[in-house]
Structures are given as structure tokens and as C-alpha cells.
**Student:** 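Below is one structure. I have some questions about it.
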Amino acid sequence: MTRVKRGVIAHKKREQILKKTKGFRWGRKSKERAAKEALLHSLSRKFKGRKEKKRVARARWQVQINAAVRQEGMNYNTFIHALKRKNVALDRKILADLAEHEPETFRKIIEFVK
């Protein structure tokens, strides 16, 4: 039976793990066992982080809309309710962007739904 040398493939596999953990703190970027463990945890947290990013963004948009609407003597809840009654199909991302960059347009929307 011929001899099988696994050095090349094993080394390549370890290098890929260390490449993915580049930038991690302490020994988790250079020690193979710690890097493998850190990579397992980071992949699951990365999935959760992508979901959480969407929640955080929506909350930020709501705060921005509320701040802009309160300057016009209304609150967020009544503003969103009025938008739905008037069938205005602008989402919170667009409304927050308008409130920040186009205040005149945002005021016109508020006047329309009042």
C-alpha cells in the first residue's frame, strides 16, 4: 500500500481557518484550536447580527420621524395612523430620510395628512 501524506491538505485547511479569523483578538487569530472555536461562535452571531441590524434601523427611523413630527405639533402614533387613513404608501425609511434631508417636503406630507 502506498503512503499518503496529508500535510498539504491539512495545512491548507488550517490556513483557511486562520484567514477567516484575521483581526480577532488575543490568541483567537493565531492559535488553531482557539481560532476554530471562535469561528464557530462568530458564524452564529453573524446570522443574529444581520437580523438585529434591521430591527435597530427601523427603531432609528421611528425616532427620527417622531422628532420631526413633534416639531409640527403631532406625535408619531397619530402621524402613522393618519398616513394609513389617507393611504400614503411611504415607508419609515423614506419618511426618515425626507425628515432629515427634505424638511419642506416632509412638512407638506404632514399638512396633507392632518
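All figures in this text were calculated on a predicted structure; none of them were measured in a lab. Nothing fancy with the numbering, it's 1 onward along the sequence.
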**Student:** To the nearest 0.5 Å, how far apart are CG in Asp97 and CG in Leu90?
**Tutor:**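 Atom-to-atom, Asp97:CG and Leu90:CG are 11.0 Å apart.
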
**Student:** If we check side chain to side chain donor-acceptor pair (under 3.5 Å) with Asn66, which of these qualifies: Gln62, Arg70, Gln64?
**Tutor:**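 Of the listed residues Gln62, Arg70, Gln64, the side chain to side chain donor-acceptor pair (under 3.5 Å) partner of Asn66 is Arg70.
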
**Student:** Once rounded to the nearest 0.5 Å, what's the spacing between atom CG of Leu39 and atom NZ of Lys46?
**Tutor:**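 One finds 8.0 Å between CG of Leu39 and NZ of Lys46.
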
**Student:** Any side-chain heavy atom of Leu95 sitting closer than 4.5 Å to one from Phe79?
**Tutor:**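 Yes, their side chains come closer than 4.5 Å.
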
**Student:** Could you tell me which non-hydrogen atom of Ser44 sits nearest to which non-hydrogen atom of His41, and how far apart they are?
**Tutor:**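 Scanning both residues, the minimum pair turns out to be OG-O, 2.9 Å.
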
**Student:** Checking side-chain contact (heavy atoms from CB on, under 4.5 Å) between Val56 and each of Glu52, Arg58, Lys53, which is the one that passes?
**Tutor:**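 Of all the options given, the one that passes is Glu52.
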
**Student:** Which pairs pass salt bridge (Lys or Arg N to Asp or Glu O under 4.0 Å) with one or both residues in residues 20-36, sequence neighbours excluded?
**Tutor:**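 Found Arg14-Glu32.
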
**Student:** For residues 106-114, dump all side-chain donor-acceptor pairs below 3.5 Å to protein atoms at least two apart in sequence or in another chain.
**Tutor:**
unit_1: Arg107; atom_1: NE; unit_2: Glu72; atom_2: OE2; d: 3.0
unit_1: Arg107; atom_1: NH1; unit_2: Glu104; atom_2: OE2; d: 2.6
unit_1: Lys114; atom_1: NZ; unit_2: Glu72; atom_2: O; d: 3.1

**Student:** According to a 4.5 Å side-chain heavy-atom criterion applied to Ile, Leu, Val, Met, Phe, Trp and Tyr, with indirect links allowed, do Ile94 and Trp61 form part of one hydrophobic cluster?
**Tutor:**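 No, it is not one cluster - the side chains of Ile94 and Trp61 are not joined through contacts under 4.5 Å.
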
**Student:** Do other residues, nucleotides or ligands put more than 12 heavy atoms under 6.0 Å from the CG atom of Leu43?
**Tutor:**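 Buried by this count: over 12 neighbours within 6.0 Å.
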
**Student:** In this structure, would Leu98 and Met74 fall into the same cluster of hydrophobic residues linked by side-chain contacts under 4.5 Å?
**Tutor:**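 They do share one cluster, since a chain of ILVMFWY contacts under 4.5 Å joins Leu98 to Met74.
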
**Student:** Please name all residues satisfying side chain to side chain contact (heavy atoms under 4.5 Å, CB included) with Glu15, sequence neighbours left out, ordered by chain then number.
**Tutor:**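 Glu15 satisfies side chain to side chain contact (heavy atoms under 4.5 Å, CB included) with His11 only.
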
**Student:** Measure across Ala34 and Gly27 and return the closest heavy-atom pair with its distance rounded to 0.1 Å.
**Tutor:**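 That closest heavy-atom pairing would be CB-O, 4.1 Å.
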
**Student:** Near Lys84 NZ, under 6.0 Å, is it more than 12 heavy atoms from other residues, nucleotides or ligands?
**Tutor:**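 Not buried by this count: 12 neighbours or fewer within 6.0 Å.
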
**Student:** Drop me the distance from Arg85's CZ to Ile80's CD1, to the nearest 0.5 angstrom.
**Tutor:**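 If I round to the nearest 0.5 Å, the distance is 12.5 Å.
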
**Student:** NE2/His81 to OG1/Thr78 distance, rounded to the nearest 0.5 angstrom?
**Tutor:**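 Atom-to-atom, His81:NE2 and Thr78:OG1 are 9.0 Å apart.
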
**Student:** Please examine the side chains of Ser30 and Phe24, heavy atoms only from C-beta on, and report whether any two atoms are closer than 4.5 Å.
**Tutor:**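 SC-SC contact between Phe24 and Ser30 ruled out.
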
**Student:** Please confirm whether the backbone N or O of Phe47 pairs with a side-chain atom of Lys51, one donor and one acceptor, at under 3.5 Å?
**Tutor:**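 Checked: no pair found.
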
**Student:** Let me confirm one number: the CD1-CG distance from Ile65 to Asn75, rounded to the nearest 0.5 Å.
**Tutor:**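 Interatomic distance, Ile65 CD1 to Asn75 CG, rounded to 0.5 Å: 12.5 Å.
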
